[in-house]
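Below, chains carry the letters A, B, ... as their sequence lines are ordered, and counting in each starts from 1. Note: hydrogens, waters and symmetry copies are ignored here, and every other heavy atom, side chains too, is used.
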Amino acid sequence: MPELPTQYAPADVETRSYERWVSRGYFTADPGEASSAGVEPGGAEQSGAREPYSVVLPPPNVTGSLHIGHALDHSIQDALTRRARMRGHATLWLPGMDHAGIATQNVVERELAKEGLSRHDLGREAFVERVWQWKEESGGRILGQMKKLGDGVDWSRERFTMDPGLSKAVQTIFKRLFDDGLIYRAERIINWCPRCLTALSDIEVEHSEDEGELVSIRYGDGEAAIIVATTRAETMLGDTAVAVHPADERYRHLIGTEVELPLTGRMIPIVADEHVDPAFGTGAVKVTPAHDPNDFEIGRRHSLPSITVMDERGTITVHGPFLGLDRFEARPAVVAALRAEGRIVAEKRPYLHAVGHCSRCKTVVEPRLSLQWFVDVSPLAKAAGDAVRDGRTRIHPPELAKRYFDWVDDMHDWCISRQLWWGHRIPVWYGPDGEIVCVGPDEQPPAGYVQDPDVLDTWFSSGLWPFSTLGWPEKTADLAAFYPTSVLVTGYDILFFWVARMMMFGLYAMDGQPPFRVVALHGMVRDQYGKKMSKSFGNVVDPLDWIERYGADATRFTLLRGANPGSDVAISEEWAAGSRNFCNKIWNATRFALLNGANVAAPLPDSAELTASDRWILSRLASVTASVDAAYEEFEFAKVADLLYHFAWDEVCDWYVELAKIQIAAGHEHTKLVLGHVFDALLRLLHPLAPFVTEELWRALSGAESIMVAEWPTADATRIDAVAEAEIGAVQNLITEVRRFRSDQGLKPGQRVAARLDLEGTPLASHERAIRTLLRLDEPADSFAPTARLTVASVVVELDTVGAIDVAAERKRLEKDLATARKEAAQSEAKLGNEQFMAKAPDDVVAKVRARQTQALADIARLEAQLAALPAG
RNA sequence: GGGCGCUUAGCUCAGCGGUAGAGCACUCGCCUUACAAGCGAGGGGUCACUGGUUCGAACCCAGUAGCGCCCA
């Protein structure tokens, strides 16, 4: 057995343990051992069969790095999969990354810009080659972070969304959707980023309340004049109508007439449309079909022309004076020109309104009319909703399911083409005469055809993640064994976009089998004041920094200890230090057990051969084990961590270890077996939360290879022992009371005091030795002359404090206790005197109150007597 | 504008019908041979507000206020 230092040094053990786990293949899943039955996450029963338990890691963006939110997400998955392995499941935790089309391309373009180059200077092929180089570098950093965290992922199955196999999956499903008529090409208004120069889907647009302007403009003159309000005056150059509500009396006479569009001299019609809100502004709206999604719909209904007035960079392309101006320069210029003509009726500035921004670069998104590829999501979204409605997939916590339904039940068609170079190229080829051919993975395009230059949205490939990573479309052993996955662990922030997409594709590709049995959602990591972490605020925690300073176990434990289902996690430096202290506590307690010959090998004796202390801690262990299992079922990691923290520290360390010392000194050899058993179980229970420290200690304790392959403890109900729990509870109570007296009296902890205990006939009778030792009470000599007398639950303790006792302190104490007892007596008396209460409250509640009253009255009598007996002053 | 959630000790959060809890922070005393990253003791809360239901409400219901998130 190696000597353990008195302080746990995480850095010494973490790298070593991790490398050993990997080299021994503990993380590597074996589908051959998995039955196809599947198992509920958490697992209801410990089964003899190697039932599969599978989790796919939500793939981080290859171009980023792991932040503390990832650390939380990973800690949860690691805890679940480590426990599943210990429970005997054929366990897979599959890692990987996604190619993050826009983000990655942006990063590499920025690099190029430093060299004074653009991607066009390199050309598509060379640029993509360059992105792959960056991917290796950036991805490697993430892998290093995962190892530091201790992630027990199956590295042999690491995947990347651009891998050949996953690319084949993309092409396969594209072809299937295309052939089923669920992918189509159409000219629509899409979200366009004029900086990234690509289309975006709805979810890649972030809305914020921004300050803008609301300008009211008079179109036409005299009788025929009509006033419209807009936040985007520059788009008036592309107006092709004014719309009013058909029932709006103010404008009824104008419907069907034409009005002159200022600055342009064009005549545009006034049309009636149900979708105009008569209550908003003047009730008349300008219609710019090429630059607004709502206007586009109005245009379609009324067969209006679309006039595009900006190019892909947001530069005005029409009407002399404004030609070449950026859209934000054009806006004031257009307003000024209108004002010069006396057409500005009102201006409101600043005007708060919702503005969409590119989620990648924050540029204001421009609604743009363009030809793009779309997925018709209606049948897919319906299926995705139904799978949750009928319980094939459970969203946890269930309150969040509503958000999922809100999204999938009202989903717009999904724009999947991106004008980028980095990504999966759209597998559609165009013939010389406008023919369109979708090419499957094993097919060749006809000669002379040209492939669509665009690539697919990254979410298109990450939506396939739960099965493309397992080998789909091939019928692999992994797919058979591990799909559907047991649980998806992710933040509630991407519930609707990523999760919904995986649900849609999984159900579509896998014959109605959803990709997960459970979606377990966690919250965001926040700082100690509940504030969002942000670079500008300077409150960001780097997980690697914490791992270095407090250890990976402490970092993980801090996160898990705050992880209540679906709610945010607040963390701080001080709590990380607290977790480190806890690891150190476990370290030293186990060190104590080892130094005292804790024995794991031999079986535990029957209860009859054990002391009450032994039976008590084993009873507590059984309860705690059962509670931990129950908490895992509900993904209540905070509860798991809390249960084990308190059991380990308050019960095992503070009491059992102290009692065990006394038993060992008295020659109770079986204590070593109990110590061994308790620490063995405790370390195994803690292992999923704190893998490194538990591995190091457990190997020393057991002499076995690795705690990773040890069995998960089972709650032994036969060890539940109410008698022992009551007995030790009484011991704790007595000891605490006497310690309180000692503390009040200013007696130093180490100072020995003579005392007479009368424990005859009480449950404490067999614990006199422990009580005297823990309280440092000597046997009374013949000359014993007590100076103080305490009564604790009918046990009388007389002490000779050697010298005058602090009467004032004692009086204060007694008066405080007396006040508490009186309050208690008054409360219970009021209840017992209440006829309604006596008539309607359940018997056990009445009995409890009665017992409380009896106790309170006894306490009052005792305390009053003690106060009366105190010397004056 | 629509929807959801939150408000409990200084801070972060549990508790969700029957005596208000935890961690950290705070006060006092201790190097008591596993651990000072520790040990012992202690102080601290009209459970946002107003009504209602109930024998009994932090907990259930209604309303009010403040905060947060999502969607438009």
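- Of the residues A/R740, A/R822, A/R862, the one that meets the salt bridge (charged side-chain N to carboxylate O under 4.0 Å, His left out) test with A/D817 is A/R740.
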Show the atom names and distances, to 0.1 Å, of all donor-acceptor pairs under 3.5 Å that link a side chain in residues 839-852 of chain A to residues at least two apart or in another chain.
residue	atom	partner	partner atom	Å
A/R852	NE	A/E824	OE2	2.7
A/R852	NH2	A/E824	OE2	3.3

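- The A/R580 side chain lies nearest to B/A37 when the options are B/C11, B/G40, B/A37.
- Protein atom CG of A/D568 is 18 Å distant from nucleotide atom P of B/C67, rounded to whole Å.
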task = Give RNA chain B the dot-bracket treatment, 5' to 3': Watson-Crick (N1-N3 with N6-O4 or O6-N4) or G-U (N1-O2, O6-N3) under 3.5 Å, [ ] crossing, | other strand.
result = ((((((((.[[[[.)..(..]]]].(((((.......))))).....[[[[[..)....]]]]]))))))).

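- A/D568 places a side-chain N or O within 3.5 Å of a backbone atom of A/M524 that can act as its donor or acceptor partner.
- Across the protein-nucleic acid pair, A/F582 atom CZ and B/C24 atom P stand 11 Å apart, rounded to whole Å.
- For the pair A/Y492 OH and B/C69 P, the interatomic distance rounds to 9 Å; values are reported in whole Å.
- Of the two residues contacting RNA chain B, namely A/K532 and A/V652, the nearest-nucleotide position lying further toward the 5' end is that of A/V652.
- Remark: C1' of B/C24 and CD1 of A/I571 are 14 Å apart, rounded to the nearest angstrom.
- Here B/C35 is the nucleotide among B/C35, B/G40, B/A14 with the atom lying nearest to any side-chain atom of A/K585.
- Residue contacts shown for A/C653 include a base, since a base heavy atom lies under 4.0 Å away.
- For the contact set between residues 742-750 of chain A and RNA chain B, defined by any heavy atom under 4.0 Å, the members are A/S743, A/K748, A/P749.
- Listed nucleotides: B/G40, B/C24, B/A34. Nearest to the side chain of A/R739: B/G40.
- Taking the nucleotide of RNA chain B with the nearest heavy atom to each of A/S572 and A/H412, the more 5' of the two is matched to A/S572.
- Considering only the side chain of A/R813, B/G42 comes nearest among B/A34, B/G42, B/C13.
- If you check every strand for non-hydrogen atoms under 4.0 Å, A/N564 touches sugar and phosphate atoms only.
- Using C1' as the reference atom, B/G66 and B/U19 are 32 Å apart when rounded to the nearest Å.
- Looking at A/H522, its side chain never comes within 3.5 Å of a backbone N or O of A/Y492 through a donor-acceptor pair.
- Closest to the side chain of A/A841, from the set B/C55, B/C39, B/U32, is B/C55.
- Taking atom P on both B/G45 and B/A20, the two are 14 Å apart, rounded to the nearest angstrom.
- Salt-bridge annotation for A/R772 and A/E779: present, with a side-chain N of the basic residue lying under 4.0 Å from a carboxylate O of the acidic one.
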Name the atoms and distances for all side-chain donor-acceptor pairs under 3.5 Å in residues 402-411 of chain A, with sequence neighbours left out.
residue	atom	partner	partner atom	Å
A/K402	NZ	A/D406	OD2	3.3
A/Y404	OH	A/A384	O	2.7
A/W407	NE1	A/F496	O	3.1
A/D409	OD1	A/R389	NH2	3.3
A/D409	OD2	A/R389	NH1	3.1

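- Closest contact between the side chain of A/W649 and the listed nucleotides B/C39, B/C55, B/A34 involves B/C39.
- Distance alone, capped at 3.5 Å, places no donor-acceptor pair between the A/Q528 side chain and the A/A570 backbone.
- Distance CG (A/L775) to C1' (B/U32): 13 Å, rounded to an integer number of Å.
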task = Just do the side-chain hydrogen bond (donor to acceptor under 3.5 Å, both in side chains) check on A/D614 and A/Q663 with the steps written out, would you?
result = CA-CA 10 Å; A/D614 299 331; A/Q663 292 191 173; 3.0 Å; yes

Listing time: all N or O pairs from protein to nucleotides 20-22 of chain B that are below 3.5 Å?
residue	atom	partner	partner atom	Å
B/A22	O2'	A/H646	NE2	3.0

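- Set against B/C35, B/C55, B/C24, the side chain of A/N588 has B/C35 as its closest nucleotide.
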message = Within the 4.0 Å limit for protein heavy atoms, which parts of nucleotides 3-10 of chain B are touched? Write it as a string from 5' to 3', B for base, S for sugar-phosphate only, - for none.
response = SS------

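- Comparing B/G40, B/A37, B/C24 by their nearest atom to the side chain of A/N581 picks out B/A37.
- The side chain of A/F592 lies closest to B/A34, out of B/C13, B/A34, B/A37.
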task = May I have the step-by-step check of side-chain hydrogen bond (donor to acceptor under 3.5 Å, both in side chains) for A/W655 and A/D650, ending in yes or no?
result = CA-CA 7 Å; A/W655 289 100; A/D650 300 350; over 6 Å; no

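- Per the geometry, NZ belonging to A/K531 stands 12 Å off P belonging to B/C11, to the nearest Å.
- Closest heavy-atom contact between A/F692 and A/E14: CE2-O, 3.3 Å.
- Contacts of A/T736 with the nucleic acid, taken as non-hydrogen atoms under 4.0 Å apart, involve only primed sugar atoms and P, OP1 or OP2.
- Taking the centre and axis of the six-membered ring of A/W414, the NZ or CZ atom of A/R501 falls inside the cone set by 45° and 6.0 Å.
- Between the side chain of A/R740 and the base of B/A41 there is no donor-acceptor pair of N/O atoms closer than 3.5 Å.
- Within 4.0 Å (heavy atoms only), A/E658 reaches at least one base atom of the nucleic acid.
- Between A/E297 and A/R188, none of the side-chain N atoms (NZ, or NE/NH1/NH2) sits under 4.0 Å from a carboxylate O, so this pair counts as no salt bridge.
- Between A/W649 and A/Y645, the angle of the ring planes lies from 30° to 60°, which puts this pair in the tilted group.
- Using atom C1' as the reference point in both B/U8 and B/G44, the two lie 14 Å apart (nearest Å).
- For A/K823, the NZ atom is loosely surrounded, since the number of other residues' heavy atoms within 6.0 Å does not exceed 12.
- Cation-pi geometry between A/K661 and A/F592 is satisfied (NZ or CZ under 6.0 Å from the ring centre, within 45° of the ring normal).
- No contact: A/D844 has no heavy atom under 4.0 Å from any strand.
- Note on A/V657: a base of the nucleic acid sits closer than 4.0 angstrom, heavy atoms only.
- Straight-line distance between the C1' atoms of B/G43 and B/U50: roughly 32 Å, to the nearest whole Å.
- In terms of phosphate contacts, A/Q7 brings a side-chain nitrogen or oxygen within less than 4.0 Å of OP1 or OP2 of B/A37.
- Across the P atoms, B/C49 and B/C71 are found 33 Å apart, a figure rounded to whole Å.
- Separation of the P atoms belonging to B/C61 and B/C4 is 13 Å when rounded to the nearest angstrom.
- Annotation: B/A58 and B/A48 have their C1' atoms spaced 12 Å apart (nearest Å).
- A/K661 contributes a side-chain N or O that forms a donor-acceptor pair with the base of B/A34 under 3.5 Å.
- Atom OH in A/Y8 sits about 17 Å away from atom P in B/A36, given to the nearest Å.
- One interatomic measurement links the two molecules: NZ of A/K639 to C1' of B/G15, which rounds to 9 Å at whole-angstrom precision.
- Taking the ring axis of A/F637 as reference, the NZ or CZ atom of A/R561 does not stay both within 45° of it and closer than 6.0 Å to the ring centre.
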